[in-house]
Amino acid sequence: MKPRRLAGALVLLTLATSCSVSFADPADTRPVVLTTFTVLADMARNVAGDHLRVESITKPGAEIHEYEVTPSDLRRADDAQLILDNGLGLELWFNKFVDRLATPHVVVSDGVKPIAIAAGSYTGRPNPHAWMSPLAAKIYVQNMAAAFIGLDPSNAADYIANAASYSADLDAVHTELVDKLSVLAPSQRALVTCEGAFPYLTRDAGMTEYYLWPVNGDADGTPQQVRDAISFIRDNDVPAVFCESTANDKIQQQVAGESGTAFGGTLYVDSLSAADGPVPTYLDLLRYDVDVITAGLTSNSGAAR
């Protein structure tokens, strides 16, 4: 049996009702791979196929940056055979307890060339949202495949084949996204959001990114942020603004009203939806966001004044 190293970590946590994803069927004896959030879990399932049981610590709709770890999460992590995390400073809560666990973990963004955050208290640090680029996500997939081969070498051929097939899907989605966004005129090619979660996508699509705050929880919606956003929108005739599903859009609605532009809709980044929601998979998330962005910026052209 694997040694337990939970005592020290449990002392640091307040007992609370767990808001993580529930356990799968206990009769399922496959090796357990635990991911820090739902996007990674979906990617990992595509690579793992039927050989591994992949679960997410956080549930659909959860805010990832400031998630509060529960004792239940610690027990699940200790019982898992492998943990996958994004890295790039995304899951600071994860870093607080991972060293206390015997379970090995892999940072799936290793090898991605990061884009630095350009404003706020996180200036100069890597922007963690690299999975919003399908091209960068292919590096995630290769890291997952390598980790799964190390965990379960008898199924290496399947992991390699699954990774290749899923990487081809990511290439196809990248082409689809660039083609869809290419219809935007130069005057429409600015993406204004609540959180600065889109630099990798806007880089791929040749767009300009602007945001209210760089990272959720980092002085969200200050008066200066609002004033600066309104000025940017007016100076650039931005047709519409957007907000992420894990952020409160109240401030962005205010920005839209005061700048005279439209609120273009909700985008998904840090979390998938439930199975019956609009983005049950990672590929759905990318396609959904691009459709919302394209519709918002084209149908509201000339809205800002």
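Checked by atom type and distance alone, the side chain of Gln188 pairs as donor or acceptor with a backbone atom of Ala185 at under 3.5 Å. Listed for the Thr38 side chain is a donor-acceptor partner under 3.5 Å among the backbone atoms of Leu272. Using a distance-only test at 3.5 Å, with no hydrogens or angles considered, no donor-acceptor pair links the side chain of Arg189 to the main chain of Thr208. With hydrogens and angles disregarded, no donor-acceptor distance shorter than 3.5 Å links the side chain of Asn155 to the backbone of His51. Remark: side-chain polar atoms of Trp131 are not paired, donor with acceptor, to backbone N or O of Met43 under 3.5 angstrom. Gln225 places a side-chain N or O within 3.5 Å of a backbone atom of Thr222 that can act as its donor or acceptor partner. Although no hydrogens or angles enter the test, the distance criterion places no donor-acceptor pair under 3.5 Å between the side chain of Thr36 and the main chain of Thr58. Under a 3.5 Å cut-off, the side chain of Glu209 and the backbone N or O of Leu191 do not form any donor-acceptor pair. Checked by atom type and distance alone, the side chain of Asp235 never pairs as donor or acceptor with a backbone atom of Phe232 at under 3.5 Å.
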Point to revise | Glu195/Trp213 under side-chain contact (heavy atoms from CB on, under 4.5 Å): CA gap, chis, key distance, verdict | key: CA-CA 5 Å; Glu195 183 186 15; Trp213 52 81; 3.7 Å; yes
**Report entry** Residue pair Val269, Thr246: steps toward the side-chain contact (heavy atoms from CB on, under 4.5 Å) verdict
**Finding:** CA-CA 8 Å; Val269 178; Thr246 53; over 6 Å; no
Practice prompt. May I have the step-by-step check of side-chain contact (heavy atoms from CB on, under 4.5 Å) for Thr35 and Asp85, ending in yes or no?
Written response: CA-CA 6 Å; Thr35 72; Asp85 65 294; over 6 Å; no
(message) As a quick check of understanding, evaluate side-chain contact (heavy atoms from CB on, under 4.5 Å) for Phe198 and Asn127, giving each step before the final call.
(response) CA-CA 9 Å; Phe198 292 89; Asn127 190 298; over 6 Å; no
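Residues forming a ring pair (Phe, Tyr, Trp, His ring centres under 6.0 Å) with Phe263 (at least two apart in sequence, or on another chain): none. Partners of Glu176 according to the salt bridge (charged side-chain N to carboxylate O under 4.0 Å, His left out) rule, which considers only residues two or more places apart in sequence or in another chain, are Lys180, Arg287. Checked against side chain to side chain donor-acceptor pair (under 3.5 Å), Thr281 has the following partners two or more places apart in sequence or in another chain: Asp284. Qualifying side chain to side chain donor-acceptor pair (under 3.5 Å) partners for Asp42, counting only residues two or more places apart in sequence or in other chains: none. Evaluation of the side chain to side chain donor-acceptor pair (under 3.5 Å) rule for Asn236 yields no partner, not counting sequence neighbours. Listed by chain and residue number, nothing satisfies the ring pair (Phe, Tyr, Trp, His ring centres under 6.0 Å) test with Tyr200 (two or more places apart in sequence, or in another chain). With sequence neighbours left out, Asn248 forms a side chain to side chain donor-acceptor pair (under 3.5 Å) with no residue at all. Legend: residues meeting salt bridge (charged side-chain N to carboxylate O under 4.0 Å, His left out) with Arg30, ordered by chain and number and at least two apart, are Asp28.
Summarising the geometry of Ala44 relative to Val54, their closest heavy-atom pair is CB-CG1, 3.8 Å, with the distance given to 0.1 Å. The two atoms that bring Pro126 and Ile117 nearest to each other are O-CD1, 3.9 Å, heavy atoms only. Considering all non-hydrogen atoms of both residues, Leu181 and Ala205 come closest at CD1-CB, 3.4 Å. What you find for Tyr268 and Pro278 is that their closest heavy atoms are OH-CG, 3.4 Å. For the residue pair Tyr211 and Ala118, the shortest heavy atom distance occurs at OH-N, 3.8 Å. A pairwise comparison of heavy atoms in Ser187 and Pro239 identifies O-CD, 4.2 Å as the closest pair.
For the pair Gln252/Val192, a side-chain contact is recorded, criterion being any heavy-atom separation below 4.5 Å from C-beta on. A 4.5 Å side-chain heavy-atom check between Val226 and Ile251 finds at least one atom pair inside the cut-off. With a 4.5 Å cut-off on side-chain heavy atoms, Ser133 and Arg203 count as touching. You'll find the side chain of Glu55 stays beyond 4.5 Å of the side chain of Val33, heavy atoms only. Looking at heavy atoms from C-beta onward, Val32 lies out of side-chain contact with Asp79 at the 4.5 angstrom threshold. Within the 4.5 Å cutoff, no side-chain heavy atoms of Leu82 are placed close to those of Pro31. Within the 4.5 Å cutoff, the side chain of Leu90 has heavy atoms near those of the Ile64 side chain. Between Lys138 and Asp171 the shortest side-chain heavy-atom distance falls below 4.5 Å.
To the nearest 0.5 Å, atom OG of residue Ser245 and atom CG of residue Asp270 are 7.5 Å apart. Atoms CG and CE, from Leu285 and Met132 in turn, are 5.0 Å apart once rounded to the nearest 0.5 Å. The structure places OG1 of Thr103 at 4.5 Å from CD1 of Ile83, a figure rounded to the nearest 0.5 Å. The CG atom of Leu52 sits 6.0 Å away from the CG atom of Leu151 when rounded to the nearest 0.5 Å. Rounding to the nearest 0.5 Å places CG of Leu135 at 10.0 Å from CG of Leu201. How far CZ of Phe242 is from OG1 of Thr266: 10.0 Å, rounded to the nearest 0.5 Å.
Side-chain contact, Thr294 with Asp291: no donor N or O sits under 3.5 Å from an acceptor N or O. Using a 3.5 Å distance cut-off with no hydrogens or angles, the side chains of Asp228 and Tyr210 do not pair a donor with an acceptor.
Sequence neighbours left out, the pairs with a member in residues 159-168 that pass side-chain hydrogen bond (donor to acceptor under 3.5 Å, both in side chains) are Asp152-Tyr159. Within the structure, the salt bridge (Lys or Arg N to Asp or Glu O under 4.0 Å) test picks out no pair touching residues 240-255 (sequence neighbours left out). Residue pairs meeting the disulfide (SG to SG under 2.5 Å) criterion with at least one partner in residues 235-297, sequence neighbours excluded, are Cys194-Cys243.
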Scan the side chains in residues 105-112 for donor-acceptor partners under 3.5 Å anywhere in the protein, sequence neighbours excluded, and list what turns up.
unit_1 : atom_1 : unit_2 : atom_2 : d
Ser109 : OG     : Asn86  : O      : 2.5

